[in-house]
Amino acid sequence: MYSYTDFDAAFVAERNRQFRAQVERRISGALTEDEFKPLRLMNGLYLQLHAYMLRVAIPYGTLSSAQMDQLALLAEKWDKGYGHFTTRQNIQYNWPELRDVPDMLDALEQVGMHAIQTSGNTIRNVTADHFAGAAADEIADPRPVAELLRQWSTDHPEFQFLPRKFKIAVTGAENDRAVIKAHDIGIQVVKRDGRIGYRVLVGGGLGRTPMIGKELSPFVALEDLLPYVEAVVSVWNLLGRRDNKYKARIKITVHEHGIDEIRSLVETRFEETRQAFGTAALELFDDIAAQFQPPAFRNAPTEAFDAAYETDPTFRAWADTNLSAHRATGYAIAQISLKAHGATPGDASAEQMRVMAQLARDYGHDELRITHEQNVVLPHVHKSDLPAIHKVLKAHGLATANIGRISDIIACPGMDYCALATARSIPIAQEIATRFDELKIENDIGELKIKISGCINACGHHHVGHIGILGLDRAGVENYQITLGGDATETAALGDRTGPGFPAEGVVPAIERIVETYMAQRSGPEETFLQTYRRIGMDPFKAALYGEEAGKKSRAA
Amino acid sequence: MPKPYTPKVITANALLEGDVIYLAADDRWVRALKDAEIFTDEAVAQVRLLDAQSRAAEAVGVYLADMEPTKDGPRPVHFREEFRAKGPSNHVHGKQEHA
């Protein structure tokens, strides 16, 4: 794992000192809110519906046990005993008081963390595949490149006042678990003639105008990556629409100018940036990569796992849904669901955070990951330790066996917390999860991803949910639009709207009708919801939701 | 006929805690909606709003919110104001903690 250099530590400490003084000046009245707002946003501090909210960066979703323990401390000491993990692998505290925030930032700095550039029109926290360094299907660990990009983008003097925010995600595998096609820049580690390089996508994004990212270059060599990405951001920085914040993201720039023109502008700019960069980045990369060496995996028998799998049905159900293939023999990647039925997606109590930190210390090479799907990962666990891990998780309400199932719902904070929201998300997620738990058909349904956003900005990724739910304000009443067929992976697709929206109390029945239709229409249990939808299309679902006539009308149209 | 004026309260977030606050008739910032002053006269509301907005060291984002007067005090016209007055629905946090 990457540890801060003296330079990093001094930089963060200096920023914290500056912010402490800014907070003092705001409280004394020396700064107005208009003057203070950009300063607090640069340090991750929002003012939400009921309180301030501090968003802390978890670069590429990787945490050590000591860092997780510190997040627990912040939750206990300065919040209400919990934190909320987000769809950008960050953590948000919903209740800090302004005076305490400088102390919170100092406490984060002690464990090599900060909240810099988690807001504002800057390059945001770089996200990555949460299975990085562990996945069996990986070409190379994406985190060294993510860290390189983080260092390059932090306080980058040219990119502190961009037209709008800018988000980068990196995956090291063909199977995209980092939603790279919905990012401003998506980077995929690829191999060509035995050489590692980077496929660069640009112009993806959700929000008001959802777009799937387009390929800008099939292969950028490591030594060219920073100057190339700098060229992309630099071209957009000049070309991006500053006249209209809804048209300022790079997806609109790419859409308006076309990918070919953007590519040509980037190539021209790249000739300049390449000269300026030299080889410093390459040396830095080697230093960074050395810190992401895989842990010393042990070679041990897995009988303990096999025995528990045979004899304990609860363990077996958990193992079937929450484990993924690890690159090392005898190992597994274990996901800890933060989606207990009826609970708030992504919330973890301080006690749960400490339990997960201790499990990582005892069994997981001191590493944890946060997924964009708002769960936690123990990336490197030996299978023989899994029964013991499961026992501890169970004792702390963390053993929900539902990864990838209908109750493993992504939900943004919605109007329960967010000042931008147009409707609530969390109660909808809670109701759906509770209902399908009662029906006991989750495992029969199989893989089905529901994603809920409480406004058009789409923090809940609803466009790429197999079932997407968007909460809106329709004439002063919460109303929910449903989309079907979205896909967040390498086969990314935006969902199609079913038709008119539903009132809050109509959402669960609508989801039930959609699921019933899928179950009735699927060719067999092995055909997933998304496959069935792609095969049969919208009509049967429309008919189920709005009556036969609607299905027919849509066929005729 | 001019459209009748929808009664309003003045609301904001407290600078230090971020908590939702309302302006009372005696110029204090209060935490409970029932204690807020309700304006039925647009001119009065606008003047009071200007005064409230000048109290930058106490309140952030001061604005007028639509209300319906009832015998128990102002009742929000829009659901967003209902949530602001009460707190989140997933945890008993915010104003509900002290209610």
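Labels below follow one simple rule: chain letters A, B, ... track the order of the sequence lines, proteins then strands, and each chain is numbered from 1. The structure presented is a predicted model; accordingly, all values stated were derived computationally and were not measured.
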A quick test of your reading: do over 12 heavy atoms of other residues, nucleotides or ligands sit less than 6.0 Å from [atom1] of [X]?
X      : atom1 : answer
Y63(B) : OH    : yes
R25(A) : CZ    : yes
R75(B) : CZ    : no

Roughly how far, to the nearest 0.5 Å, is [atom2] of [Y] from [atom1] of [X]?
X      : Y       : atom1 : atom2 : answer
E33(A) : Q53(B)  : CD    : CD    : 12.5 Å
H50(A) : K86(B)  : NE2   : NZ    : 9.5 Å
E82(B) : M415(A) : CD    : CE    : 10.5 Å
L49(A) : F83(B)  : CG    : CZ    : 9.0 Å

Under 4.5 Å, counting heavy-atom pairs only, tell me which of G414(A), A51(A), S28(A), P413(A) racks up the most with chain B.
->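 Winner by heavy-atom pair count: A51(A).
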
Which one of R99(A), M53(A), E478(A), Q430(A) has the most heavy-atom pairs closer than 4.5 Å to chain B?
->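 Maximum pair count with chain B is reached by E478(A).
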
Looking only at heavy atoms, what is the nearest atom pair of Y52(A) and L16(B), with distance?
-> CE1-O, 3.8 Å

Can you name the nearest heavy-atom pair linking K80(A) to E97(B), along with the distance?
-> NZ-OE1, 2.9 Å

Below 4.5 Å from any heavy atom of chain B, which atoms of [X] appear? Answer side chain, backbone, both or neither.
X       : answer
D347(A) : side chain
I27(A)  : both
A429(A) : neither

Indicate, with yes or no, if the rings of Y82(A) and H91(B) have centres closer together than 6.0 Å.
->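 Yes, they do, as the ring centres are separated by less than 6.0 Å.
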
List the steps, then state whether side chain to side chain contact (heavy atoms under 4.5 Å, CB included) holds for H78(B) with V477(A).
-> CA-CA 8 Å; H78(B) 193 275; V477(A) 181; over 6 Å; no

Does a side-chain heavy-atom distance below 4.5 Å link R424(A) with F79(B)?
-> no

Student check: side-chain heavy atoms of L98(A) and E17(B) closer than 4.5 Å = no

With a 3.5 Å cut-off and no angle check, do the side chains of N90(B) and Y417(A) form a donor-acceptor pair?
-> yes

Name the orientation class of the two ring planes belonging to H93(B) and W95(A) (parallel below 30°, tilted from 30 to 60°, perpendicular beyond 60°).
-> perpendicular

Which portion of N13(B) sits near chain A, non-hydrogen atoms under 4.5 angstrom = side chain

A14(B), S89(B), A57(B): which one forms the most heavy-atom pairs within less than 4.5 Å of chain A?
-> S89(B)

